Each structure stands twice: as structure tokens, then as C-alpha cells.
Amino acid sequence: MIKVNDCNFSIEQICESGQCFRLKKIEENKYSMIALGRYLELEQDQNEITFHCTPEEYVQVWEHYFDLNTDYKRFIESVTEEDEYLYRAVQFGKGIRILEQDVWEIIISFIISQQNNIKRIRKCIELLCEKYGEKKFINKTEIYYDFPTIQALAGATEEELRDCNLGYRSRYILNTAKSILNKEVDINALKKMDYKDAKVELIKLSGVGEKVADCICLFSLHHLDAFPIDTHIKKVLNQYYPKGFPFETFLGYTGIIQQYIFYFDLKNGNV
DNA sequence: ATACAGGTCTTAA
DNA sequence: TTAAGACCTGTA
């Protein structure tokens, strides 16, 4: 176990920000995460976060995964009070970090996310993991399921996938798994491409359009210029930026700005 | 009951 | 190139 002090990020906000669906609150200030074939428990007490893993695992895996080496102050401070709405959004979600998640898992997760709500997305993914993922032990009694492999989903049928409440997305997932398995789209090559090229490749996948491709670029390939436009962002852009959003002000990290807006609207949209 | 949730695909003008 | 309509399912 390792303690990180003076961290200015929030597990709560990362959990609620809708970019990762297998990070969940177990009890007050306590969270569990299943990712990269591993199980991790985290606790947050103010500015101190406890990672329940070895210091080696923290350095080799989680520090990078949670983007903890990046100082977000520079992004936050670039938003001035002049832009009242954006300033409020950034202050509200300043504990958010953009994770660097597994590409395959994020492709499937965000195909599931279309025309769906976060609660149901989590449920679909949980069912998918229980049905197709490898079963692993946390200790003698507690278990968890890895995210399914490419082979596992490519070998399923559309009807079986529908049992995970995936609805019409079942066909997309099956087709996508097959075309990744037979290398029509090489997801390992994606990691070496720039944002533009990666997006073009991703859109070749069934069920992946502009928006989902941007989510994959942002949340797994760490292309911070990817700016997914969904219903929330569309609403905000129309309402607060009718003359256009100042993308050029935030070049190189517009995706992070997008995430502050998304989180702010998600949590305060009906206020 | 009807509309909507982190959209995409197909078809047709 | 743009636009309408279909598409699963749980929740409010």
C-alpha cells in the first residue's frame, strides 16, 4: 500500500466523470477499480490518497494510468473569470484527470455508451464482463471479472450478447470484435498514430462514429485535443457559445476542457 | 405514458 | 452533403 499526499485530484470526480465505468464507490471515500487485468482499492482522505497496492505497482501501472505526473494547474489557470461559464465549470471539476485506459476496453465501452445513460452503461459492461471475462480472485472469497478479451467477444453471437442488455449495440460489438481480431483495424498501431489518423482508423469500426472515436482518442490514446461532442456539449455550445467556442485558446488540451464542461453539465444540467 | 440517455447506420432527396 | 427514421432498454 502506498499513500500519495498533496494530490490535487479527486477519485470521486474521476469516478463520476463518465470516462471510466469500472471505477466504483464501495463506501464513503473508498473506491474499487478493475483495469488492465488488475483489481485495485483506493481511499481518499482530503488531499491524501491511499493506493492499496505495492509501491512498484503504483509506479509501473497506476501513476501513469491516472495521469498523476501531469500538472493540471496549467490547464485550470488558463481559464479566466472572463469566461464566466467555463470558469465555473473548471472550478467545479478541477479534481478530474483524463485517464489512459486500455484501447480495446474503451472501444467496446463507448460503443455501448451511445444513446445510453451512465448507470445503464455500467450495468451492461458489468454483465458483459461476468459473461465473457476471466474470473479472478481478490482473496479466498471475493472475486472479480476481467474485461473480456477480443477473442471472447468475437466468438460470441449477437443473440448471446443481447443477454447483456446491449440491445442493437450487440451487432456493432460483434462486428467490431471480429474486425479487430482479423486485423482489419490494428489497434496496436493506433497507439503510434497521431490524433487525426487514429480517428480515421477508429471510424472504420462498426458502431464507431465521430463522437465515439473522439472518446476513444481522449480516454485511451490520450490525444488531449480530441473534443467529443455529445448531447451535453452540443447544448452548452449552443447556449453559451452561439458565436463559436474558443478552441484556439486551449490548443493542445481542448479535450480536457471538454471534460470539465461535460462533468459540470452532467452534474448541474437540470439546475 | 412518452421521452430521453456521452450516437450510428441506412436510405433517400 | 444533409436529413429523416430506426434502433434496445431502464428510468423518471
Side-chain angles (χ1 to χ4, degrees), chain A residues 13-24 89 92-93 96-103 105-128 130-131 153 156-180 184-185 198-241 245 254-271:
Chain A
Q13 290 189 352
I14 294 171
C15 184
E16 298 282 306
S17 71
Q19 58 175 307
C20 53
F21 302 107
R22 303 198 79 197
L23 171 59
K24 74 173 186 194
F92 181 77
I96 290 175
R97 294 294 177 272
I98 303 295
L99 305 192
E100 194 159 339
Q101 305 178 75
D102 177 71
V103 186
E105 175 170 342
I106 292 305
I107 289 172
I108 299 303
S109 297
F110 277 88
I111 288 175
I112 293 172
S113 79
Q114 64 182 255
Q115 282 298 103
N116 213 336
N117 60 66
I118 293 180
K119 186 179 175 192
R120 210 172 81 83
I121 296 166
R122 284 179 177 272
K123 186 64 181 170
C124 289
I125 293 174
E126 188 183 326
L127 291 171
L128 196 65
E130 285 172 12
K131 193 168 163 78
L153 294 191
T157 66
E158 192 182 325
E159 292 68 38
E160 285 166 9
L161 286 168
R162 277 177 184 258
D163 293 341
C164 300
N165 297 338
L166 297 166
Y168 65 87
R169 305 168 193 80
S170 302
R171 183 165 46 87
Y172 297 156
I173 290 171
L174 185 57
N175 289 339
T176 284
K178 284 178 177 168
S179 55
I180 289 175
E184 280 172 52
V185 173
K199 189 169 170 180
V200 169
E201 276 305 291
L202 284 166
I203 287 176
K204 292 178 183 170
L205 294 169
S206 170
V208 177
E210 283 250 340
K211 189 269 173 185
V212 169
D214 274 329
C215 286
I216 299 164
C217 285
L218 184 57
F219 301 133
S220 72
L221 299 172
H222 214 65
H223 287 308
L224 301 182
D225 252 328
F227 192 92
I229 298 178
D230 74 311
T231 52
H232 294 277
I233 302 298
K234 217 172 268 176
K235 188 191 81 181
V236 170
L237 292 187
N238 285 333
Q239 192 171 343
Y240 294 95
Y241 301 95
F245 186 77
T254 51
I256 298 180
I257 300 296
Q258 183 274 356
Q259 197 60 9
Y260 293 129
I261 298 173
F262 175 79
Y263 178 68
F264 188 53
D265 191 66
L266 186 68
K267 293 296 170 185
N268 298 291
N270 43 8
V271 177

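Below, read A as the first sequence line, B as the second, and so on, with proteins coming before strands; counting in each chain starts at 1. Basis for what follows: all heavy atoms, side chains included, without hydrogens, waters or symmetry-related copies. All values derive from a computational prediction rather than experimental measurement.
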Could you measure between the two [atom1] atoms, the one in [N] and the one in [M], and give it in whole Å?
N	M	atom1	answer
C:dA4	B:dG6	C1'	22 Å
C:dG10	B:dC9	C1'	23 Å
C:dT11	B:dT8	C1'	23 Å

Nearest-Å distance, [atom1] ([X]) to [atom2] ([N])?
X	N	atom1	atom2	result
A:Lys267	B:dG6	NZ	P	10 Å
A:Gln258	B:dG6	CD	C1'	8 Å
A:Ile233	B:dG7	CD1	P	11 Å
A:Ile173	B:dC9	CD1	C1'	15 Å
A:Tyr168	B:dG7	OH	P	8 Å
A:Phe21	B:dG6	CZ	P	9 Å
A:Gln101	B:dG6	CD	C1'	14 Å
A:Phe264	B:dG6	CZ	C1'	18 Å

Check: Could you write out DNA chain B as a dot-bracket string, with dots for unpaired bases, | for bases paired across to another strand, and Watson-Crick or G-U pairs counted at under 3.5 Å?
Finding: .||||.|||||||
For [X], which contact category applies under a 4.0 Å heavy-atom criterion: base, sugar-phosphate, or nothing?
X	result
A:Lys123	nothing
A:Thr176	nothing
A:Gln259	base
A:Leu218	nothing

Notebook entry, point to check: Are A:Phe110 and B:dG6 stacked, counting the six-membered base ring, centres under 5.5 Å, planes under 30°?
Noted result: no
Not counting sequence neighbours, which residues clear side-chain hydrogen bond (donor to acceptor under 3.5 Å, both in side chains) with [X]? List them please.
X	value
A:Asp102	none
A:Arg120	A:Asn116
A:Asp214	A:Tyr195, A:Lys199
A:Ser206	none

Check: Quick one: side-chain contact (heavy atoms from CB on, under 4.5 Å) partners of A:Lys131, sequence neighbours excluded?
Finding: A:Glu160, A:Asp163, A:Cys164
Checklist line | Qualifying residues under side-chain contact (heavy atoms from CB on, under 4.5 Å), relative to A:Gln114, sequence neighbours excluded | finding: A:Ile111, A:Tyr168, A:Arg169, A:Tyr172
Item checked: Outermost DNA chain C nucleotides near chain A [under 4.0 Å, heavy atoms] -> C:dC7 to C:dT11
Heteroatom pairs (N/O) under 3.5 angstrom, protein to nucleotides 10-12 of chain B:
none

Check: Can you name the nearest heavy-atom pair linking A:Leu127 to A:Asn165, along with the distance?
Finding: CD1-ND2, 3.6 Å
Grab the N/O contacts between the protein and nucleotides 1-5 of chain B below 3.5 Å, and write none if there aren't any.
residue : atom : partner  : partner atom : Å
B:dA5   : O3'  : A:Asn116 : O            : 3.2
B:dA5   : N7   : A:Gln115 : NE2          : 3.4

Margin query: Please give me every residue in residues 206-214 of chain A whose heavy atoms get under 4.0 Å of an atom in DNA chain B, ordered by residue number.
Written below: A:Ser206, A:Gly207, A:Val208, A:Gly209, A:Glu210, A:Lys211, A:Val212
Margin query: For A:His232, give me all partners under ring pair (Phe, Tyr, Trp, His ring centres under 6.0 Å), at least two apart in sequence or on another chain.
Written below: A:Phe262
Item checked: Residue whose nearest DNA chain C nucleotide is more 5′ - A:Lys119 or A:Gln114 -> A:Gln114
